[in-house]
Amino acid sequence: MKKALILLLVALAGVNPTIAQETGYQPLVREGIRWHYFKVYLDQVNKEACIMSFQGDSIVNGVQYKKCIEEDCYGQQTVVALVREKDQVVYSIGGSTANILPGEYVGEIILYDFNNPIRMFPEDVFYEFEQSTIDIEGISHNCYTCDYGNNKIIEGIGIDGSGTLINLEFAIYTSTNYQYTGLSYVEENGDIIYKGSAYEEPTHYQPLVREGVRWINRSYLVFEDTIINPHYYGIEISGDTVINNNGNLLTYKKCYSFAVNKDDCNVVIDFSKRFPDVYLREVDKKVYCTDYFAVRLHKQPIILYDFSDLDQAILGDRFDEQSTEVFTLVGTETVCGHECRAFTDGVGYFSFGKLVESIGLVSSYMGDLVNARWLQFAGEMPEELYGLSHVIDAAGNIIYNGPNYLFFASDINGDNKVDIADVNEVINVMLGKSAATADVTGDGKVDISDVNAVINAMLGK
């Protein structure tokens, strides 16, 4: 709004707007900005390392600092430094730089000195030093570059090259296998204001193994094309535990299943009186799974899901030996504001299912979050099927609809079956004769589309 007003005024004055660029120093230590960093291999795809930001104040020796927060790719936040800025000099307790310059207090260093920028670069090597300017959101920032490792230091941004906001490394890349941490991009209020040397289009990966989410599933029998005894159950991840597996102490999340009343998915579970079904942990976009018996038998955890590849994902069989299914990337789906990658195999048993980041297996009859089934129907014998209905958050809000959700929503009268009685109930709601919950399609109204949805559910569509 401010920039728009300036451009309007200069236009009315008949001034070329290109000369109306804002100038002046912009502080680096400020809140509302997030620095995104990637782990970079020069011959491989970059992977997210962390996000840094300044949040809140701390007082040390009577001096006010901003807390530098580092958030890892799993959302874990840590205070990694205390930073303050005065007269275009950035002081840090906890940071590091090539030239350890003394500050004003014990343990404090000068991290950036924009009054004397050459002091911020290594002193013991020969390199060419260059000063230029970069336009960021209409403000001109001084940029200082040295050809030693192709590092830049930018006012208001910090280092762009090897290193992070508070750790300036100035490395020379002499090997294709060399790994460093580099700036991907800087964002303000969700908008990217600067793209760094390690920039890649952000994906905002959301972990699957997290608390506050419930997977609601539908289980039923099929006999001669007739659905028998449909009911619902849930899966929830809650609480940490340390498991000793062959001498390795690893932290897992506990994963429970529970019965679901159709009319109240937001049930209360007393976890202190229940034993987890399985244990899950997620590392580098790989979800590992184990249970009590596997630990007692000294079996290694299996990989339940593997989303580490950008082009494909792997669904592993629960505790069988090396049985996996490879899925190919087909697009993205939005889950709680996150763009999550979706995968499918397109053929075989899983042609009716898919894998979605942060959600897991999405299937109508081939398994739930921790159980996957490769089904072959056994003639006329009843076959137990189960699959995802929907996923809800801690408040009971639906954050993802699965293929079985239509069955769940279409059982208007709660008799555990979808038939003509449910169609009549929707019509009664439309005519004002009933106050039942009949918004099957979830569009906020009850109309003929809900009648059609119930009919489709009756037909198995």
Side-chain angles (χ1 to χ4, degrees), residues 213-235 259-267 330-336 340 342 344 350-356 358-369 375 383-393 395-461:
V213 181
R214 284 177 172 159
W215 286 259
I216 308 301
N217 306 281
R218 181 175 187 263
S219 177
Y220 53 97
L221 295 177
V222 174
F223 182 69
E224 295 182 343
D225 296 327
T226 301
I227 295 177
I228 304 172
N229 188 32
H231 62 280
Y232 295 87
Y233 67 97
I235 294 176
V260 170
N261 182 335
K262 176 187 177 299
D263 299 316
D264 183 15
C265 291
N266 196 24
V267 294
V330 293
T332 61
E333 298 187 14
T334 302
V335 181
C336 295
C340 299
T344 181
F350 281 93
S351 57
F352 297 101
K354 59 184 173 181
L355 295 181
V356 179
S358 86
I359 297 296
L361 177 63
V362 178
S363 171
S364 58
Y365 54 79
M366 287 181 283
D368 56 31
L369 178 69
L375 292 179
E383 179 71 40
E384 182 181 4
L385 308 177
Y386 53 98
L388 182 66
S389 169
H390 57 285
V391 183
I392 58 177
D393 61 17
N397 300 311
I398 295 176
I399 62 174
Y400 189 89
N401 279 336
N404 277 336
Y405 178 70
L406 187 62
F407 293 100
F408 190 96
S410 299
D411 182 13
I412 310 298
N413 59 12
D415 61 357
N416 281 328
K417 58 184 178 181
V418 180
D419 53 18
I420 194 63
D422 298 293
V423 175
N424 292 333
E425 189 68 21
V426 176
I427 295 174
N428 286 334
V429 173
M430 293 171 60
L431 297 175
K433 297 180 180 180
S434 172
T437 302
D439 182 13
V440 180
T441 61
D443 61 359
K445 56 186 178 182
V446 179
D447 53 19
I448 192 63
S449 65
D450 298 292
V451 174
N452 291 334
V454 175
I455 294 173
N456 286 335
M458 291 172 57
L459 298 175
K461 296 182 179 181

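Computed over heavy atoms, backbone and side chain alike; hydrogens, waters and symmetry mates excluded. Bear in mind the structure is a predicted one, so any value in this text is a computation, not a measurement.
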query: Given side chains that start at C-beta, do those of Tyr386 and Asn217 come closer than 4.5 Å, heavy atoms only?
result: no

- request: Answer yes or no: is there a side-chain heavy-atom contact under 4.5 Å between Leu361 and Leu355?
  value: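 In contact.
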
- request: Specify the closest pair of heavy atoms between Trp215 and Ser358, including all atoms of both residues, with the distance to one decimal.
  value: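 Taking Trp215 first and Ser358 second, the nearest heavy atoms are CZ2-O, 4.0 Å.
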
Measure the [atom1]-[atom2] distance between [X] and [Y] for me, rounded to the nearest 0.5 Å.
X	Y	atom1	atom2	result
Arg214	His390	CZ	NE2	11.0 Å
Asn401	Ile359	CG	CD1	10.5 Å
Asp450	Ile455	CG	CD1	11.0 Å
Tyr400	Ile392	OH	CD1	16.0 Å
Ile398	Ser389	CD1	OG	7.5 Å

- prompt: Which of these passes side chain to side chain contact (heavy atoms under 4.5 Å, CB included) with Thr344: Val356, Val362, Val330?
  reply: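 The residue from Val356, Val362, Val330 that satisfies side chain to side chain contact (heavy atoms under 4.5 Å, CB included) with Thr344 turns out to be Val330.
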
Extract all donor-acceptor atom pairs below 3.5 Å that involve side chains of residues 426-435 and protein atoms in other chains or at least two apart in sequence.
unit_1	atom_1	unit_2	atom_2	d
Asn428	ND2	Asn424	O	3.3
Ser434	OG	Glu425	OE2	2.6
Ser434	OG	Ala436	N	3.2

